[in-house]
Amino acid sequence: MRDKTQTNSAAPGDRLIRAGAIVFFIGTVATLVTVAPLLLGTTPFPTYMFVLSMLMGVGFLIAGAGVFQSIAAGRRQARAAAAPPEPAPQ
């Protein structure tokens, strides 16, 4: 019997993982932009650019929360499938 989950359906945690990946990517770009002047010997960017670099860690945490949410949903689904069926009321 085929699994009843469609391939295009969104599982719990998918949105957090995607949002975390986007925030991580923004933080990566900010880090590269911030470090480039230090390597090239030009004037460094202001402090707020270093704060934007922290988005890498924030994105990683958001994506990690999405992974844990997905794991928890999978465990709940496995427990529900393994539980014996309840008798029908008479």
Side-chain angles (χ1 to χ4, degrees):
M1 184 173 182
R2 292 190 127 196
D3 189 20
K4 295 177 183 174
T5 304
Q6 296 178 0
T7 56
N8 60 354
S9 64
D14 281 355
R15 286 184 181 173
L16 280 176
I17 294 170
R18 286 186 186 130
I22 291 168
V23 172
F24 184 84
F25 179 73
I26 292 169
T28 303
V29 171
T31 300
L32 291 174
V33 168
T34 304
V35 172
L38 300 174
L39 297 174
L40 298 173
T42 60
T43 308
F45 284 105
T47 306
Y48 70 87
M49 286 300 291
F50 291 98
V51 173
L52 283 177
S53 298
M54 300 297 173
L55 288 177
M56 284 179 69
V58 173
F60 188 76
L61 289 175
I62 292 171
V67 168
F68 283 124
Q69 187 178 13
S70 178
I71 290 170
R75 285 186 177 180
R76 281 192 300 271
Q77 187 179 18
R79 271 194 219 116
E86 295 183 19
Q90 295 178 354

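Index from 1, following the sequence. These figures come from a predicted structure and were not determined experimentally.
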Checklist entry - What pair of heavy atoms forms the shortest contact from F50 to T34, and how long is it? => result CE2-CG2, 3.2 Å
Item to check | Any donor-acceptor pair under 3.5 Å from T28 side chain to F24 backbone | outcome: yes
Item to check | Atom pair CD1 (I26) and OG (S53), whose distance is rounded to the nearest 0.5 Å | outcome: 12.5 Å
Checklist entry - How close do P12 and A73 get, heavy atom to heavy atom, and via which atoms? => result CG-CB, 3.5 Å
Checklist entry - Looking only at heavy atoms, which two atoms of V23 and L55 are closest? And how far apart? => result CG1-O, 3.5 Å
Next on the checklist: If I compare all heavy atoms of I62 with all of L16, which pair ends up nearest, and what's the gap?
Outcome noted: CG2-O, 3.3 Å
Next on the checklist: Membership question, hydrophobic clusters at under 4.5 Å side-chain separation (ILVMFWY): are V35 and V29 in the same one?
Outcome noted: no
Checklist entry - In the single-linkage hydrophobic clustering (I, L, V, M, F, W, Y; side-chain heavy atoms under 4.5 Å), do I22 and L52 co-cluster? => result yes
Item to check | Co-membership, hydrophobic cluster, residues M49 and L39, 4.5 Å side-chain | outcome: no
Checklist entry - What are the two closest non-hydrogen atoms of P44 and L38, and how far apart are they? => result CB-CD2, 3.9 Å
Checklist entry - Linking I/L/V/M/F/W/Y whenever any side-chain heavy atoms sit under 4.5 Å apart, do F45 and V51 land together? => result no
